Amino acid sequence: MSPEKPALRAVDSPSETTTHEAQAAAEDARVGWEQFQQLIEEDQRVEPRDWMPQNYRKTLVRQISQHAHSEIIGMQPEGNWISRAPSLKRKSVLMAKVQDEAGHGLYLYSAAETLGTSRDEMYQQLYTGKAKYSSIFNYPARTWADVGAVGWLVDGAAITNQVPLCRASFGPYGRAMVRVCKEESFHQRQGWEILYTLSHGTEAQKQMAQDAVDRFYGPALQMFGPPDDESPNSQQSMAWNIKRFSNDVLRQRFVDMIVPQAEALGLTLPDPDLKWNEERGHYDYGDLDWDEFFSVVKGNGPLNHQRLAHYRAARDDGAWVREAAAAYAAKQAEASPRSALLSA
Ligand SMILES: [Fe+2]
Ligand SMILES: [Fe+2]
């Protein structure tokens, strides 16, 4: 648990009033801290109105906004395939999926806003490249089979990561995750079904499915983050009941889930060290290329520049729509303050 305890706030020129105010603020913070500790110990929800340590708030804003950015940037690899999906049905399913990801981004920005960081500030952090998002989205979706691999492996890894977040201690985050996970589970199934169709098609189609799995398997396993001994922030997040399981535990859970699914697809996972370990009751898997992972995180992935450039162009192109909507809302408020209140 964090040793962070509220200290008495220093005042520049203490008069009787300011000293009294500072003492009252310190007392409020002390009571708030105790209530926070109790909520965490009893595994209850912390709500935006509750007192919370600064580091808890900061950690959540960073995690939730990075998650939101990942949903928004994650629309790009598949959005690029909507017009090229092989049938009208495939197009409409993919369009619904990409729209879901936009919705996930919006729920998450809303959850982060309740912590006192404005949406514009978060957008700006993504726009300027200051904010991070999941590095998996810096890889291209080269073929239609890649769209299947993204659904099966990337959305699959996301679900494994996010189901425990439904119980995150911060209420708005946990509640957003419940809805997100329902949709992610549909996403994973549609990806699996694309790969199943290809792997039961012609030899060339099966090879295309295998190539896609070969490309996305390693980066999908890296979505859980670095190994536990190189992930110093995880422990604090677990003590705060934000994160429920460590990176390696979740990665193992994912591997155990996808091995039988790959067998059902008739595809091979590209890891010669992958085998059932009777003693552990889990699949062993080989080392991942962490040099590549950190290089992509630092901005040197195949598409880091393109993803951000595309986001900036879309944001710039849409500026007139936001301005027009704001001007319209202001006019409505002027003409009818009551209707503006009702629609707010
Ligand atoms: Fe999503
Ligand atoms: Fe998804």
Side-chain angles (χ1 to χ4, degrees), residues 47-49 57-58 60-85 91-134 137-138 141 155 158 162 170-184 186-187 303-344:
E47 296 297 338
R49 62 171 181 268
R57 188 183 297 275
K58 250 172 76 179
L60 278 167
V61 169
R62 193 184 55 235
Q63 179 171 337
I64 301 173
S65 62
Q66 276 182 15
H67 192 162
H69 299 327
S70 302
E71 301 282 358
I72 298 301
I73 297 288
M75 294 163 72
Q76 291 187 34
E78 291 165 293
N80 193 31
W81 274 95
I82 291 171
S83 60
R84 291 179 289 159
K91 282 180 179 43
S92 57
V93 169
L94 187 59
M95 204 183 314
K97 189 212 175 207
V98 173
Q99 280 181 333
D100 284 352
E101 306 300 7
H104 298 173
L106 298 182
Y107 309 149
L108 288 162
Y109 283 127
S110 299
E113 270 185 321
T114 67
L115 290 156
T117 302
S118 77
R119 200 175 281 222
D120 274 342
E121 199 178 321
M122 291 184 271
Y123 288 160
Q124 200 54 25
Q125 286 168 349
L126 180 58
Y127 189 95
T128 56
K130 195 179 155 212
K132 295 242 180 303
Y133 54 84
S134 179
F137 300 118
N138 291 316
D155 289 272
Q162 289 167 13
F170 185 57
Y173 192 29
R175 288 189 287 273
M177 279 299 112
V178 172
R179 187 154 172 190
V180 167
C181 284
K182 282 185 185 157
E183 291 173 351
E184 296 299 359
F186 156 75
H187 297 172
L303 291 183
N304 292 57
H305 293 290
Q306 186 180 315
R307 295 292 186 234
L308 214 48
H310 188 80
Y311 173 77
R312 286 180 185 138
R315 184 128 188 92
D316 292 345
D317 288 349
W320 70 271
V321 180
R322 293 190 299 278
E323 280 160 24
Y328 179 75
K331 255 191 190 172
Q332 291 290 102
E334 209 174 293
S336 168
R338 188 170 172 275
S339 72
L341 267 182
L342 289 175
S343 65

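These figures come from a predicted structure and were not determined experimentally.
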If you look at every heavy atom in [X] and [Y], which pair is closest and at what distance?
X	Y	result
Gly129	Arg312	N-NH2, 3.9 Å
Ile72	Ala102	CD1-O, 4.1 Å
Leu94	Glu78	CD2-O, 3.6 Å
Ala68	Leu108	CB-CB, 3.7 Å
Ala111	Ile64	CB-CG2, 4.3 Å
Met177	His67	CE-CE1, 3.2 Å

Backbone of [Y] reached by a side-chain donor or acceptor of [X] within 3.5 Å:
X	Y	value
Arg119	Glu113	no
Arg322	Arg315	yes
Arg307	Phe137	yes
Ser336	Gln332	no
Lys97	His187	no

Are [X] and [Y] close enough that a side-chain donor and a side-chain acceptor fall under 3.5 Å?
X	Y	result
Glu71	Tyr107	no
His104	Glu101	yes
Tyr127	Asp120	no
Tyr311	His69	no

ring-ring contact (aromatic ring centres under 6.0 Å, His included) with Tyr123: which residues, sequence neighbours excluded?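 If we apply the ring-ring contact (aromatic ring centres under 6.0 Å, His included) test to Tyr123, skipping adjacent residues, the hits are Tyr109.
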Derivation of the side-chain contact (heavy atoms from CB on, under 4.5 Å) call for Val180 and Asp100: CA-CA 8 Å; Val180 167; Asp100 284 352; over 6 Å; no
Kindly compute the distance separating [atom1] ([X]) from [atom2] ([Y]), expressed to the nearest 0.5 Å.
X	Y	atom1	atom2	answer
Ile73	His310	CD1	NE2	9.0 Å
Glu184	Asp155	CD	CG	5.0 Å
Ser110	Arg175	OG	CZ	12.5 Å
Phe170	Glu47	CZ	CD	7.0 Å
Gln66	Gln125	CD	CD	10.0 Å
Thr117	Arg62	OG1	CZ	12.0 Å

Just wondering, are more than 12 heavy atoms of other shown residues or ligands nearer than 6.0 Å to CZ in Arg84?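 Yes, CZ of Arg84 has more than 12 neighbouring heavy atoms, counting only those of other groups under 6.0 Å.
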Decide yes or no for Pro48 and Pro172: does some side-chain heavy atom of the first lie under 4.5 Å from some side-chain heavy atom of the second?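 Answer yes - side chains close enough.
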